[in-house]
Amino acid sequence: MLSQIERRIQEAVAARLREHYGIEDLPVTLEQPREVSFGELAVPAAFQLARRLRRPPREIAAELAAGLGPIEGVARLEVAGNGYINVRLDRGHYGWALLQGGEWEKEPRPGKVIVEHTNINPNKAAHIGHLRNAVLGDTFARMLRAAGRQVEVQNYIDNTGVQVADVVVGFLHLEGKSAREVERLAAAERFDYLCWDLYARVSAYYKEHPEALAWRQAALHAIEEGEGEAAEMAHVIADAIMLAHLATMRRIGITYDVLPRESEILHLRFWATAFELLKERGAIHFETSGKNAGCWVMPAAAFSEDSGEGDGKVIVRSDGTVTYVGKDIAYQLWKFGLLGKDFYYRPLVREPDGHIVWVTADEPGEEPAPEFGRASEVYNVIDSRQSYLQDVVVAGLRALGFEEQAARSIHFSYEMVALSPRTAVELGIELTEEDSRRPYVEVSGRKGQGVKADDLIDKLVETARREVDARHPEAPAAERARVAEQIAAGALRYFMLKFTRNAVIAFDLQEALSFEGETGPYVQYAAVRARNILRKYAERGERLPEFASVLNREAMARQLAFEDFWQLLLAASKADTAVRRAVATGEPAQVAKYAFQLAQAFNTFYHDCPVIHEQDAERRTFLLWMTDYFRRQLEATLAVLGIGVPEYM
RNA sequence: GGGCGCGUAGCUCAGCUGGACAGAGCAUCUGCCUUCUAAGCAGAGGGUCGCAGGUUCGAGUCCUGCCGCGCCUACCA
């Protein structure tokens, strides 16, 4: 809605510039005035012209504004400050247009976007760092969809890597378990927690007994070959934990379209194909001397600006096994449809909403699968510590001559989640004097430190449940449980989204468990309040009026003359703009901030202005409509954030 | 050493392509529940935007140089 008016203003100003000054190369930008009392939009063009024309901006602004004819949707223009042209919208026109339609503007583009996120090693329970990844990825995918793009969400399962091998070593050598015994354990509750501890024990064992690293090598080899006890055990572990991760993420509304597995990358010879390509086109070479002797290496010059120091990146180890990066290059090629091969697929689980999650398979399945891959754009949601490896992957594409795809391979990076010193101490992690003074402490998953995702969600649900029980003791228990879960999920998702991507989160348990101020529940509460108004109105036996027939443009203009009403409506109408802007900058936090500010505006309105008890009929109708419009806009925004609105709070 | 990122209120963080007097939440203090639920609202105090230059009509935002901090720089991912 707003962007249509913006376009008209830009066109009108551009035309005026052309006709009056003969200027065609000045892009007309629009800003939001600092103060709402200045109007809804501001044109700073006079400042840019001042230099060229060598005249004071204020004078130019006056001249410019005077020559602009009437613009649809604009009530008037004012010259302000030392050269701004402030725009006042025609409020009646605006409100009326929103009442008529007010659909979200989209920017559809051809081609499919792949968003890859979560990507947790299937060897232990998920932790809060993984939650940040998944929430960012899931929200970004929702943002893209809301903006009209076609999106496919992938979650890569590294089921043949070192981390899984380490847990295999643990079961095999520290626990003396067979694949069959592990299978029984895997069927029990909290297998991911059990592996979390075992993984930490294995890591500690390596430290004490470095010779045990040979076990890892052997396991890794066996897994890559796909045969023997270790390989079988690896599959059991990885599959069970993959399902545990899906269950964890399901709790906060996250799901996937397809899970490409590393084992298929190997067994279907994706890697072998990519390897041949890389060799053929000279992207990697065999090292015969130096510390990388016997390895296939990508030269540092390929991915680093000044290639002075680096020795390049090992793609194939001297024992013949391929590194993660190598497999990732094959995978990235497949995503763009450049490998000339495809996986087989089988349905893995059906989500409660009917959505099917597919997983790759190494032989044809019975059910026909949708087409996966063949994207025109790929976002890899991976933390910033791995930017070096992402650079290598992209360099691989470039070295193979896929310039365009390399440019469309986007590392959607974000900073790590560390712990606040206070929370670290609460978890029993010993801190040095120095650490306790720092704003945050990085913890080691290898040592079994950190906050498990499910533990955090459990705590959030408990906290929410206490509040819900206190407020609604009469409600059925099952319903209270569901409400508490929605609040917990909202709190968690908002917490992970309120920080911009490259802020290190110092995770503080108390802060995360807070439901006041800038939090998910605050925003959910505003939506619940709006719903309550409409529900209470209906309970009084009154039917919601046919707004479009009762409220005409003049009534809109009359009501929107009140500043508070106008500001709330204006804010609510900007939801689609906020999402599109956030897509453009790749910053989900902007959507979260918008939702919070909109909720704030509504809460003020809610406090100041009773809707149902309004005496004046026209105003009451208007307020009901505005409440409903606000509700729809906030709920749609929350949906983009993956946050649901509880029945009550 | 090199690469990436960060440094804004006591704390945690926003600040869109440079724009009109620097924002939010938390914490502290003061008020407001007989009204559509106070997970709320209103208000107060609190900042030489790390430092120094530069570009510009205009710099928290761009450039350069320092200072401090973090991450990466594996035949782990």
Side-chain angles (χ1 to χ4, degrees), chain A residues 27 29 31-35 38 42 44 47-48 50-51 56-57 80-84 86 119 121 158 161-163 166 216 291-297 300 304-306 308-311 313-319 321 323-325 328 382-389 391 413 415-416 418 420 438-440 442 446 464 467-468 471-472 487 491 498-500 502-506 508 510-511 514-519 521-522 524-526 528-537 578 581-582 584-585 587 589-590 593 596-597 600 603-604 606-613 627 648-649:
Chain A
T29 57
E31 298 173 5
Q32 197 170 320
R34 169 129 213 91
E35 296 265 334
F38 293 165
F47 295 110
Q48 294 155 298
R51 197 156 160 222
N82 50 349
Y84 277 101
N86 288 337
N119 300 4
N121 273 305
D158 181 4
V162 172
Q163 297 216 22
D166 282 345
R216 172 196 273 177
K291 67 168 191 171
N292 290 336
C295 301
W296 284 90
V297 176
S304 163
E305 288 289 310
D306 39 7
E309 307 291 307
D311 301 318
K313 174 67 196 169
V314 170
I315 305 296
V316 179
R317 305 182 185 101
S318 56
D319 67 358
T321 57
T323 59
Y324 167 82
V325 191
D328 214 18
I382 304 179
D383 79 80
S384 64
R385 285 174 292 193
Q386 298 192 48
S387 60
Y388 166 70
L389 296 173
D391 288 347
S413 75
E415 273 291 347
M416 63 176 172
S420 72
R438 290 209 174 109
Y440 56 84
E442 193 182 356
R446 289 198 164 268
E467 290 289 325
V468 175
R471 288 156 200 249
H472 304 278
I487 293 169
K498 70 195 277 194
F499 305 93
T500 49
N502 47 17
V504 177
I505 296 183
D508 187 82
Q510 265 166 268
E511 201 190 320
S514 163
F515 294 162
E516 287 168 18
E518 197 194 339
T519 64
Y522 175 96
Q524 289 173 313
Y525 191 52
V528 167
R529 283 177 142 182
R531 277 190 184 176
N532 279 349
I533 293 174
L534 300 165
R535 187 169 44 78
K536 278 273 158 64
Y537 187 78
R581 202 185 68 195
T585 57
E587 196 56 88
Q590 290 181 355
K593 275 280 183 307
F596 173 65
Q597 283 162 2
Q600 253 183 336
N603 273 334
T604 306
Y606 179 91
H607 183 264
D608 294 343
C609 185
V611 174
I612 293 174
H613 303 287
T627 300
Y648 49 81
M649 282 180 76

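By convention in this document, chain letters (A, B, ...) are assigned in the order of the sequence lines, proteins followed by strands, and residues within each chain are numbered from 1. Quick caveat: nothing in here was measured; it's all calculated off a predicted structure.
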Residue matched to [N] through Watson-Crick or wobble contacts both under 3.5 angstrom:
N	result
B/G70	B/C4
B/G18	none
B/U12	B/A24
B/A52	B/U64
B/C29	B/G43
B/A38	none

Can you tell me how far [atom2] of [N] sits from [atom1] of [X], to the nearest Å?
X	N	atom1	atom2	value
A/Gln32	B/G23	CD	P	14 Å
A/Arg581	B/U17	CZ	C1'	11 Å
A/Glu442	B/C69	CD	P	17 Å
A/Leu389	B/U73	CG	C1'	10 Å
A/Lys313	B/A74	NZ	P	7 Å
A/Arg438	B/C71	CZ	C1'	12 Å
A/Glu415	B/G7	CD	P	11 Å
A/Asp319	B/C75	CG	P	12 Å

Atom of [X], atom of [Y] and distance for their closest heavy-atom approach:
X	Y	value
A/Lys498	A/Lys593	O-NZ, 3.5 Å
A/Glu511	A/Phe499	OE2-CZ, 4.3 Å
A/Ala506	A/Tyr440	CB-CB, 3.6 Å
A/Cys295	A/Ser318	SG-N, 3.5 Å
A/Ile533	A/Ile612	O-CD1, 3.4 Å
A/Tyr648	A/Val528	CA-CG1, 4.0 Å

Next item on the list: Might you work through the side chain to side chain contact (heavy atoms under 4.5 Å, CB included) test for A/Asp158 and A/Gln163, ending with a clear yes or no?
Entry: CA-CA 9 Å; A/Asp158 181 4; A/Gln163 297 216 22; over 6 Å; no

Next item on the list: Could you check A/Asp328 against A/Leu389 for side chain to side chain contact (heavy atoms under 4.5 Å, CB included), going step by step and ending with a plain yes or no?
Entry: CA-CA 9 Å; A/Asp328 214 18; A/Leu389 296 173; over 6 Å; no

Give me the distance, rounded to whole Å, that separates [N] from [M] when you measure between the [atom1] atoms they each carry.
N	M	atom1	value
B/G58	B/G5	P	28 Å
B/A39	B/C33	P	15 Å
B/U64	B/G25	C1'	36 Å
B/C13	B/G47	C1'	14 Å
B/C51	B/G10	P	14 Å
B/C49	B/G3	C1'	27 Å
B/A59	B/G46	C1'	25 Å
B/C67	B/A27	P	39 Å

Checklist line | Contact nearer the 5' end of RNA chain B, comparing A/Thr29 with A/Arg446 | finding: A/Thr29

Next item on the list: Take A/Glu511 and A/Arg385, find for each the nucleotide of RNA chain B with the closest heavy atom, and name the residue whose nucleotide sits nearer the 5' end.
Entry: A/Glu511

From C-beta outward on [X], which listed nucleotide comes closest to its side chain: [options]?
X	options	result
A/Met416	B/A20, B/C71, B/C75	B/C71
A/Thr604	B/G5, B/C16, B/C41	B/C41
A/Lys593	B/C13, B/A42, B/G5	B/C13
A/Ile487	B/C75, B/A20, B/A39	B/A39
A/Tyr388	B/U73, B/C75, B/A39	B/U73
A/Phe515	B/A39, B/A77, B/G70	B/A39

Base, sugar-phosphate alone, or nothing: which one does [X] contact when heavy atoms must sit under 4.0 Å apart?
X	result
A/Ala491	nothing
A/Asp158	sugar-phosphate
A/Ala42	base

Checklist line | Flag, side chain of A/Ser514 to backbone of A/Gln510, donor-acceptor distance under 3.5 Å | finding: no

Note to self: Looking at B/C6, I'd like to know if its phosphate oxygens (OP1 or OP2) sit under 4.0 Å from a side-chain N or O belonging to A/Asn502.
What the structure shows: yes

Check: About how many Å separate CZ of A/Arg535 and CZ of A/Arg529, when rounded to the nearest 0.5 Å?
Finding: 13.5 Å

Margin query: Syn or anti for B/C72, given that syn means the glycosidic angle lies within 90° of 0?
Written below: anti

Item checked: Donor-acceptor pair present, A/Thr323 side chain and B/C75 base, under 3.5 Å -> no

Check: Going by modelled atom types, is there a donor-acceptor pair between the base of B/A77 and the side chain of A/Asp383 at under 3.5 Å?
Finding: no

Next item on the list: Determine, for nucleotides 54-63 of chain B in 5'-to-3' order, which nucleotides have protein heavy atoms under 4.0 Å from the base (write B), from only the sugar-phosphate (write S), or from neither (write -).
Entry: ---B------

Check: What's the verdict on side chain to side chain contact (heavy atoms under 4.5 Å, CB included) for A/His607 and A/Thr604, showing C-alpha distance, side-chain angles and the deciding distance?
Finding: CA-CA 5 Å; A/His607 183 264; A/Thr604 306; 5.9 Å; no

Under 3.5 Å, which N/O atoms of the protein pair with N/O atoms of nucleotides 28-38 of chain B?
| unit_1 | atom_1 | unit_2 | atom_2 | d |
| --- | --- | --- | --- | --- |
| B/C36 | O3' | A/Lys536 | NZ | 3.4 |
| B/C36 | N3 | A/Val611 | N | 3.0 |
| B/C36 | N4 | A/Tyr606 | O | 2.5 |
| B/C36 | N4 | A/Cys609 | O | 2.6 |
| B/C36 | N4 | A/Pro610 | N | 3.2 |
| B/U37 | OP2 | A/Lys536 | NZ | 3.1 |
| B/U37 | O2' | A/Tyr525 | OH | 3.4 |
| B/U37 | N3 | A/Met649 | O | 2.3 |
| B/U37 | O4 | A/Met649 | N | 2.6 |
| B/U37 | O4 | A/Met649 | O | 2.5 |
| B/A38 | OP2 | A/Arg529 | NH2 | 2.7 |

Between the protein and nucleotides 24-27 of chain B, list every N/O to N/O distance that falls short of 3.5 Å.
| unit_1 | atom_1 | unit_2 | atom_2 | d |
| --- | --- | --- | --- | --- |
| B/A24 | O3' | A/Gln600 | NE2 | 3.4 |
| B/G25 | OP1 | A/Gln600 | NE2 | 3.3 |
| B/G25 | O2' | A/Glu518 | N | 3.4 |

Notebook entry, point to check: Taking atom types as modelled and ignoring hydrogens, do the side chains of A/Tyr522 and A/Asn603 form a donor-acceptor contact shorter than 3.5 angstrom?
Noted result: yes

